[in-house]
Amino acid sequence: MKIARITNRPLFLPYRVPFYWAYGVIEGAEVVLVEVETDDGLIGYGETIGGPSGRAIKALVDKAAALMIGRDPFDVRSLWAEVYTALFRAQAVCSAPRFGGQVLAGLEMALWDVMGKATGRPVHQLLGGARHARVGYHGFAMGDAPEAVAADAANLRAGGFEVIYIKGGFGGAKNLARVAAVRGAIGTEARLRLDPNESWSPLEARRMIAALEPYGIEFIEQPCNAESLSALDQIRAGSPIAIAADQSVFTPYEAFELCARQAADLIVIGPHETGGLARMTDVARIAETAGLNVCLHGLYESGITTCAAHQFAAACPNLDDGNQHMLRFLEFDIVKAPDLTPQAGWLDVIKNPGLGFDLDPDAVREAEARFDDRNSEGA
């Protein structure tokens with residue numbers, strides 16, 4: 001079996017409601033749909049995050065794809081390494097492990113989809129076999145005003161979610177108001193997590209954590225600048241609340257360094273950060289040897305990424321039980337089946353071959369048209 005063709009299409013999937021976080025408002029998910037076809041007619045699907053420009057990312061994915069034509073899709077690790085070197089090391093860029101991972105993630109996902117379909121097995125079996133029958137997800141409460149995010153959190157809690165996750169990074173007073181409103185809405189038994197998205201200095205983190213302690217926060221995710229493990233060290237060392245690393249860890253090397261320094265209590269990671277499922281598995285194994293769990297991270301994505309991350313999660317022994325799930329924000333998805341809606345916070349392991357989903361061609365065409373509309377001249 002050889003790779004015969006690879007095609008890529010930028011898409012835009014609008015959100016039902018605005019997505020509020022520390023750096024502004026996001027209107028939807030811009031992705032590049034990747035289709036890898038083999039010489040015997042199998043097609044594998046993946047997706048690459050389209051930011052900051054879907055057209056620019058498509059051009060890079062096209063260049064990477066050209067290097068894979070005629071190669072064996074089962075050589076996923078060597079192909080990734082060769083293409084990364086060709087695009088991001090051998091042409092004076094020297095090294096771009098984070099951006100390179102983002103660009104190559106969709107191609108890598110699609111190769112796993114091909115491998116699973118070729119063997120008739122779900123990808124989690126190719127990653128070592130299922131360690132879980134189902135995967136737990138948190139309820140991601142959204143809104144701008146404290147009352148709005150609290151109302152959303154209350155609905156999620158009523159729907160059975162035991163873990164509630166909210167964004168921070170809006171300034172001290174608003175952060176506290178949001179946390180207080182959400183805690184009041186979900187009660188004392190629910191677990192509450194907060195993500196300031198790198199917006200605190202160690203000094204501000206000290207003040208905020210002291211003020212947040214009475215609200216029973218389970219962990220604070222990436223409170224400080226991701227490029228400073230020293231800052232993360234300082235915050236965790238003095239924090240009565242557990243600290244999770246997110247943007248501080250993209251690569252296996254970064255995972256090793258963080259674990260060696262004992263700079264976090266948990267690692268939040270996703271396939272777009274690592275560059276796909278193989279290196280995501282490497283990060284998880286490093287964390288496991290250090291006694292840490294990993295938690296799935298979500299980005300601006302479709303159900304394709306949800307299925308890919310879910311396949312990884314099924315095979316991951318040190319998996320958290322409150323993982324991130326982004327599909328509730330989409331106006332529509334390009335995955336037709338299976339139903340990816342968590343039930344009371346849980347989603348059964350997908351047992352279909354490959355990544356385990358059926359694509360919706362009509363939804364793909366609609367998302368492609370939405371992208372074209374947003375990127376037309378004069379828009």
Side-chain angles (χ1 to χ4, degrees), residues 3-15 26-38 43-71 73 76 79-80 82-91 93 96-114 250 270-277 298-309 326 330-335 355 357 359-379:
I3 299 169
R5 280 172 294 282
I6 301 178
T7 58
N8 311 296
R9 287 182 279 177
L11 311 176
F12 180 75
L13 298 166
Y15 284 161
I26 295 172
E27 297 178 349
E30 191 167 297
V31 300
V32 176
L33 174 64
V34 179
E35 302 178 30
V36 173
E37 184 175 355
T38 66
I43 298 178
Y45 297 100
E47 71 179 358
T48 287
I49 297 299
S53 164
R55 286 176 176 162
I57 298 298
K58 172 180 163 44
L60 291 171
V61 176
D62 283 339
K63 189 169 185 177
L67 300 174
M68 295 185 173
I69 301 301
R71 302 293 297 275
V76 59
L79 278 174
W80 196 101
E82 289 177 28
V83 171
Y84 173 77
T85 296
L87 265 67
F88 299 104
R89 297 183 74 181
Q91 299 190 44
V93 178
R98 293 180 167 219
F99 183 58
Q102 175 189 329
V103 170
L104 299 179
L107 285 161
E108 204 258 18
M109 279 183 216
L111 294 181
W112 283 105
D113 197 28
V114 165
F250 279 47
H272 297 289
E273 293 93 324
T274 58
L277 302 185
L299 281 167
Y300 319 112
E301 60 203 29
S302 80
I304 292 177
T305 296
T306 302
C307 288
M326 299 292 287
L330 294 181
E331 184 180 308
F332 63 90
D333 193 10
I334 58 174
V335 166
L355 297 180
F357 64 85
L359 205 62
D360 185 334
D362 293 333
V364 170
R365 284 189 287 271
E366 173 66 17
E368 192 171 17
R370 296 285 189 110
F371 178 86
D372 290 341
D373 288 344
R374 282 172 55 87
N375 291 274
S376 61
E377 285 190 49

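Classified by interplanar angle (parallel below 30°, tilted 30° to 60°, perpendicular above 60°), the ring pair F88/F99 is perpendicular.
The closest side-chain heavy-atom distance from T48 to L33 is not below 4.5 Å. Between R55 and F371, some side-chain heavy-atom pair lies under the 4.5 Å cut-off. A 4.5 Å side-chain heavy-atom check between L13 and R370 finds every atom pair outside the cut-off. When side chains are defined from C-beta on, I334 counts as touching L359, because their heavy atoms get closer than 4.5 Å.
In this structure, CG on L277 lies 5.0 Å from CD on E108, to the nearest 0.5 angstrom. One distance of note links CG of L104 with CG of L87; it measures 7.0 Å at 0.5 Å rounding. The line from CG of D333 to OG1 of T306 is 7.0 Å long, rounded to the nearest 0.5 Å. Interatomic distance, D113 CG to M109 CE, rounded to the nearest 0.5 Å: 10.5 Å. Rounding to the nearest 0.5 Å gives a distance of 12.0 Å between CZ of R365 and CG of L11. In this structure, CZ on F12 lies 10.5 Å from CG on D373, to the nearest 0.5 angstrom.
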Can Q102 and I57 be said to form a side chain to side chain contact (heavy atoms under 4.5 Å, CB included), step by step? CA-CA 9 Å; Q102 175 189 329; I57 298 298; 3.8 Å; yes
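Judged by distance alone, with hydrogens and angles left aside, the side-chain atoms of Y84 form no donor-acceptor pair with the main-chain N or O of L79 at under 3.5 Å. Side-chain atoms of E301 come within 3.5 Å of backbone N or O of L299 as a donor-acceptor pair. The main-chain N or O of S302 is found under 3.5 Å from a side-chain atom of E47 such that the two form a donor-acceptor pair.
Listed by first and then second residue, the salt bridge (Lys or Arg N to Asp or Glu O under 4.0 Å) pairs involving residues 26-38 are R5-E37, R9-E35, E27-R374 (not counting sequence neighbours).
Here E82 pairs with R71 under the side-chain hydrogen bond (donor to acceptor under 3.5 Å, both in side chains) rule; sequence neighbours left out. Not counting sequence neighbours, the partners of I26 by the side-chain contact (heavy atoms from CB on, under 4.5 Å) test are Y15, F19, W21, Y300. The side-chain contact (heavy atoms from CB on, under 4.5 Å) test applied to A309 returns P271, L296, not counting sequence neighbours. Contacts of I6 classified as side-chain contact (heavy atoms from CB on, under 4.5 Å), with partners at least two apart in sequence or in another chain: I3, N8, V34, V36, A65, M68, I69, L107. W112 meets the ring-ring contact (aromatic ring centres under 6.0 Å, His included) test with no other residue; sequence neighbours excluded.
Side-chain contact annotation: T305 with H272, donor-acceptor N/O pair under 3.5 Å present.
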